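Just so you know, residue 1 is the first one in the sequence shown, and it goes up from there. What you see is a predicted model; the values in this text were computed from it and never measured. Hydrogens, waters and symmetry mates are skipped; everything else that's a heavy atom, side chains included, is used.
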Amino acid sequence: MDLDQHLQALGALLDIERAAEKERFLEARARLSLAQREARGFVLVDVEAVEEGGLAGRALVTYARPGGRELGGAEIGVGSIVRVLPKREQADDAPSGLVARRQRARLAIAFDEPPPDWATEGRVVIELQPSSVTYERLSGAVRRMREARRWHAVLREEAPRFESRPRQGEAAASLNAEQQAALDLAERAQDLMLVHGPPGTGKTTVLVEVIRRAALRGEKVLASAPSNLAVDNLVERLVAAGIDAVRLGHPARVLPSVVEHTLDQRTRAHDQARIARDLVQEAMRLRADARKSKQRRGPGRFSDARACEREARKLMAEARELEDRAASAVLENAQVICATLTGLESRVLQDWCRTPEGPRRFDLAVVDEATQSVEPAVYLALLRADRAVLAGDHRQLPPTVLSPDAQALSISLFERLGAAHPAAMVTLAEQHRMNEKIMRYPSDALYAGKLRAHPSVAHHAIDDAPLVMIDTAGRGFEEETPEGSESKVNPGEAELAAAEVRKLLAAGVLPQDLAVITPYDGQAQKLRQVLADQPELEIDTVDGFQGREKEAVVVSLVRSNELGELGFVADIRRINVALTRARKKLIVIGDSATVARHPFYAGFVRYAESIGAWRSAWDL
């Protein structure tokens with residue numbers, strides 16, 4: 001392929017996608033009322049601060065609705081940039097922050113500086129803010145890749161290169177045959193290798209072993225993924241394996257269990273950072289003295305104030321320099337540096353990689369969930385490394401692309417190179433999650449029947465029916481589109497799903513071991529309403545549940561209409577995720593008269609009938 005044309009096309013697609021997202025925000029602000037924007041999930045109205053605390057040196061404020069009602073605001077998630085506004089009047093000091101944590105009824109925002117009093121003493125509005133940072137970083141990666149000859153052969157789809165023998169090392173007893181084969185190929189890779197990991201097959205286990213061996217050899221490793229959750233999972237696994245991993249990124253964007261491994265937290269414990277904090281305190285004292293000097297009467301008050309301010313600026317500059325040195329020392333000593341793909345462009349990593357001898361490079365870059373990332377994002381990892389291992393599953397969720405005109409971006413680099421060079425990819429086959437009856441249809445339909453259930457999970461079950469398909473055809477459970485929303489709701493299915501949940505709970509399934517998932521956020525909100533008495537129960541969209549698992553899962557497919565329209569439920573990669581989250585019990589609720597017009601669903605209904613798992617909603 002012509003690489004210049006390919007990179008030019010990627011740049012153009014990024015521009016289209018960026019324009020589409022910007023237009024989405026501008027349209028919502030210009031055309032929709034505050035109530036409509038709230039219905040779309042861009043805004044939280046009428047919330048109040050219920051708790052104040054700290055997070056790695058930042059102010060952390062938790063907001064909730066009066067009475068503990070469900071928040072809403074589907075578009076506002078962990079890591080979102082938001083602005084806090086007064087409920088009725090304008091405010092010049094409206095603070096912006098990052099969403100640090102999110103629960104059904106509570107949302108915590110991390111602010112770099114303590115917010116003004118009004119933001120914590122009354123009802124406020126929280127509004128999602130657009131950010132162009134991601135697109136600027138992705139566009140920059142495309143431009144830089146034009147000069148990165150190290151990767152041009154791979155991107156032109158020339159065959160990746162492998163050494164004839166793997167690096168010396170004992171076979172890992174905990175790995176099965178395919179995992180060991182993936183490890184061996186990764187060890188032999190001279191540029192790039194792919195680990196294809198269908199649901200539950202342990203691709204992250206392979207990556208951790210690849211990283212562990214590289215770290216033991218003294219190599220510098222960069223570990224990344226498109227989402228914060230996937231990076232945090234890697235950090236937890238690496239630390240458990242005894243590897244010194246440092247997590248880059250705002251502490252508000254990481255799991256509480258990972259905060260102690262963040263660069264911010266590790267730097268705070270460094271001697272130079274302690275000195276820097278003392279300098280900052282002294283600078284703040286001098287600034288306070290400067291304000292007092294200006295308020296005094298008499299000669300010299302302004303010159304005294306200016307002297308205090310000059311000294312304060314000098315101390316702050318010294319403090320920043322000491323903090324940068326402390327951060328560099330932490331990065332220098334870390335075996336593995338972990339970050340989201342776009343987080344690899346953070347100032348602190350850029351500064352550390354900039355040396356008098358030239359750019360600092362990593363021996364190995366590992367990218368988990370690479371199939372959920374647009375191709376330019378993976379460039380951000382490749383550009384910093386000599387060789388790479390990418391892991392993912394192109395049969396699960398693709399990268400999220402908003403614009404219909406930019407859908408070519410949804411073909412990941414992993415998928416493109418895997419199709420061109422299957423010999424550079426190892427597919428894992430033994431899964432450790434699902435009962436064999438839950439696994440069988442996705443395996444046959446999407447993985448050529450090659451998946452096998454490990455003996456420890458093949459027959460584990462909650463009852464004698466590990467899979468149940470409840471067919472609502474003819475019940476009149478029609479889908480709806482709520483006013484001011486673009487999502488779909490099916491109230492009848494929601495009530496039926498709630499009834500099945502209550503049966504499972506009555507049978508002894510713990511709420512924390514059960515999840516309800518659905519393709520549509522509108523249905524997720526409806527399900528939260530009808531199951532409001534179960535606060536420990538996790539209810540989410542399929543997209544929000546990627547990479548997760550539960551003992552039991554109830555799936556609501558939602559679509560039920562005379563035309564047989566499926567929308568994005570027709571994307572079987574999304575439904576593959578839905579069908580492969582449950583370990584011991586999977587209940588799928590849907591209207592076969594609508595969904596079975598698609599061959600994948602028709603096959604699923606036939607499979608359910610063949611093993612006695614099909615039920616009519618009329619009989620329940």
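- Going from atom CD of Glu415 over to atom CZ of Arg395 covers 8.0 Å, rounded to the nearest 0.5 Å.
- Side-chain polar atoms of Gln523 and Ser556 form a donor-acceptor pair below 3.5 angstrom.
- Leu71 and Val47 make their closest contact through CD2-CG1, 4.0 Å (heavy atoms, listed as atom of the first residue, atom of the second, distance).
- Under the 3.5 Å distance criterion, the side-chain polar atoms of Arg528 are matched with a main-chain donor or acceptor of Ile539.
- Between the side chains of Thr427 and Lys450, no donor N or O sits under 3.5 Å from an acceptor N or O.
- A side-chain N or O of Gln396 and one of Asp393 form a donor-acceptor pair less than 3.5 Å apart.
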Do Glu479 and Tyr520 pass the side-chain hydrogen bond (donor to acceptor under 3.5 Å, both in side chains) test, and can you show the C-alpha distance, the side-chain angles, and the key distance before you say yes or no? CA-CA 11 Å; Glu479 66 186 56; Tyr520 291 95; over 6 Å; no
Working note: Ser560 + Asn490, criterion side chain to side chain contact (heavy atoms under 4.5 Å, CB included); need CA distance, chi angles, decisive distance, verdict. CA-CA 8 Å; Ser560 179; Asn490 190 319; 3.9 Å; yes
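- When the salt bridge (Lys or Arg N to Asp or Glu O under 4.0 Å) test is applied to Glu17, no partner is found at least two apart in sequence or on another chain.
- Val509 places a side-chain heavy atom less than 4.5 Å from the side chain of Ile462.
- Between the side chain of Thr594 and the backbone N or O of Asn561 there is at least one donor-acceptor pair closer than 3.5 Å.
- Under the 3.5 Å distance criterion, the side-chain polar atoms of His460 are matched with a main-chain donor or acceptor of Arg433.
- Judged by distance alone, the side chains of Asn576 and Tyr447 do bring a donor and an acceptor atom under 3.5 Å apart.
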Assess the residue pair Ile470 and Trp614 against the criterion (side chain to side chain contact (heavy atoms under 4.5 Å, CB included)); give the C-alpha distance rounded to whole Å, side-chain angles, the decisive distance to 0.1 Å, and a yes or no. CA-CA 6 Å; Ile470 300 177; Trp614 182 88; over 6 Å; no
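- Residue pairs that meet the salt bridge (charged side-chain N to carboxylate O under 4.0 Å, His left out) test with at least one member in residues 74-83, sequence neighbours left out, are Arg24-Glu75.
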Stepwise, does the side chain to side chain contact (heavy atoms under 4.5 Å, CB included) test hold for Leu566 with His598? CA-CA 9 Å; Leu566 296 185; His598 190 290; 3.6 Å; yes
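- Every residue two or more places apart in sequence or in another chain that forms a salt bridge (Lys or Arg N to Asp or Glu O under 4.0 Å) with Lys203 is listed here: Asp368, Glu369.
- Under a 3.5 Å cut-off, the side chain of Arg574 and the backbone N or O of Leu397 do not form any donor-acceptor pair.
- Although no hydrogens or angles enter the test, the distance criterion places no donor-acceptor pair under 3.5 Å between the side chain of Arg416 and the main chain of Ile411.
- Here CG of Asp591 is found 9.0 Å from CZ of Arg597. Values are rounded to the nearest 0.5 Å.
- Judged by distance alone, with hydrogens and angles left aside, the side-chain atoms of Ser487 form a donor-acceptor pair with the main-chain N or O of Gly522 at under 3.5 Å.
- In plain terms, the two heavy atoms of Val554 and Ala497 that are nearest each other are CG1-CB, 4.0 Å.
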Carefully, step by step, assess Lys488 and Val558 under the rule side chain to side chain contact (heavy atoms under 4.5 Å, CB included). CA-CA 7 Å; Lys488 299 290 182 183; Val558 179; 3.8 Å; yes
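- With rounding to the nearest 0.5 angstrom, the CZ atom of Phe477 is 9.0 Å from the CD1 atom of Ile589.
- Side chains of Arg247 and Asn228: a donor on one and an acceptor on the other come within 3.5 Å.
- Applying the 6.0 Å contact sphere to NZ of Lys22 captures no more than 12 heavy atoms from other residues, nucleotides or ligands.
- Between the side chain of Arg581 and the backbone N or O of Arg548 there is at least one donor-acceptor pair closer than 3.5 Å.
- The number of heavy atoms from other shown groups lying within 6.0 Å of CD (Glu136) is above 12.
- Between the CD atom in Glu236 and the CG atom in Leu255 there is a gap of 6.0 Å [rounded to 0.5 Å].
- The main-chain N or O of Val401 is found under 3.5 Å from a side-chain atom of Gln407 such that the two form a donor-acceptor pair.
- The heavy-atom pair separating Leu390 from Ala370 by the smallest distance is CB-CB, 4.0 Å.
- Among all heavy-atom pairs drawn from Gln431 and Met439, the shortest one is NE2-SD, 3.5 Å.
- Atoms CG and NZ, from Leu510 and Lys550 in turn, are 10.5 Å apart once rounded to the nearest 0.5 Å.
- In this structure, Lys584 NZ and Glu549 CD are separated by 11.0 Å, a value rounded to the nearest 0.5 Å.
- Val542 approaches Pro519 most closely through the heavy-atom pair CG2-N, 3.7 Å.
- Scored by the ring-ring contact (aromatic ring centres under 6.0 Å, His included) test, Tyr63 finds no partners at all (sequence neighbours excluded).
- Using a distance-only test at 3.5 Å, with no hydrogens or angles considered, no donor-acceptor pair links the side chain of Ser80 to the main chain of Val82.
- Residues passing the side-chain hydrogen bond (donor to acceptor under 3.5 Å, both in side chains) test with Glu51, sequence neighbours excluded: Arg106.
- Formation of a donor-acceptor pair under 3.5 Å by the Ser224 side chain with backbone atoms of Val367 is not found in this model.
- Donor-acceptor pairing under 3.5 Å is recorded for the side chains of Ser592 and Asp471.
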Pair up each side-chain donor or acceptor in residues 604-613 with any protein partner under 3.5 Å, not counting sequence neighbours, and list the distances.
unit_1: Tyr607; atom_1: OH; unit_2: Lys437; atom_2: O; d: 2.7
unit_1: Ser610; atom_1: OG; unit_2: Tyr607; atom_2: O; d: 2.6

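- Taking both residues in full, the closest heavy atoms of Leu586 and Leu579 are given as CD2-O, 3.5 Å, listed atom of the first, atom of the second, then distance.
- Residues Pro398 and Thr371 form no side-chain contact, since every pair of their non-hydrogen atoms from C-beta on lies 4.5 Å or further apart.
- No hydrogens or angles considered: a donor-acceptor pair under 3.5 Å links the side chains of Thr205 and Arg237.
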